[in-house]
Amino acid sequence: MRFFYTYILLFALMILLIQFLPFLLPVLLVLYIVSLIYGAWQQRKKTVQSEKRNPDAIDAEYTEHDEEDQ
């Protein structure tokens, strides 16, 4: 009988989610956009700080080696 109540509870939660979806979807979309902007800002902040620490550093991806040319 306990599982029966669990199914009723899950069904009720699903109905509530469907009822409030028009209100929840824009809120979730705004939160997603804000998190993307915040993440990009944090990444840029880290990049700028690392460049300030060592501005003459060479990025390893763009270094050329003589062995590859031969």
Side-chain angles (χ1 to χ4, degrees):
M1 194 70 178
R2 188 176 90 201
F3 295 113
F4 181 71
Y5 292 132
T6 304
Y7 287 128
I8 290 176
L9 180 65
L10 288 175
F11 183 73
L13 287 174
M14 189 175 65
I15 295 296
L16 283 174
L17 178 69
I18 291 170
Q19 289 292 322
F20 289 115
L21 194 60
F23 304 107
L24 289 176
L25 201 56
V27 171
L28 292 175
L29 187 64
V30 168
L31 287 175
Y32 180 66
I33 292 171
V34 168
S35 69
L36 286 177
I37 292 170
Y38 181 74
W41 176 69
Q42 286 292 326
Q43 187 65 36
R44 181 177 176 149
K45 185 176 157 185
K46 285 181 183 178
T47 305
V48 169
Q49 286 177 350
S50 67
E51 287 175 358
K52 283 182 181 177
R53 266 185 296 183
N54 196 358
D56 295 329
I58 299 172
D59 194 355
E61 293 180 50
Y62 298 105
T63 55
E64 296 180 8
H65 299 285
D66 292 332
E67 296 85 25
E68 294 175 0
D69 296 333
Q70 294 175 358

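Values reported hereafter were calculated over all heavy atoms of this structure, with side chains retained and with hydrogens, waters and symmetry mates removed. All values reported here derive from a predicted model rather than from experimental measurement.
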**OP:** Might you work through the side-chain contact (heavy atoms from CB on, under 4.5 Å) test for Leu13 and Leu17, ending with a clear yes or no?
**Re:** CA-CA 6 Å; Leu13 287 174; Leu17 178 69; over 6 Å; no

Can you list the residues that meet the side chain to side chain contact (heavy atoms under 4.5 Å, CB included) rule with [X], with sequence neighbours excluded?
| X | value |
| --- | --- |
| Tyr38 | Trp41, Gln42 |
| Leu28 | none |
| Thr47 | Gln43, Glu51 |

**OP:** Give a yes or no on whether Phe23 and Leu16 share a hydrophobic cluster (residues Ile, Leu, Val, Met, Phe, Trp, Tyr; joining criterion: side-chain heavy atoms under 4.5 Å apart).
**Re:**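 In one cluster with Phe23: Leu16, yes.
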
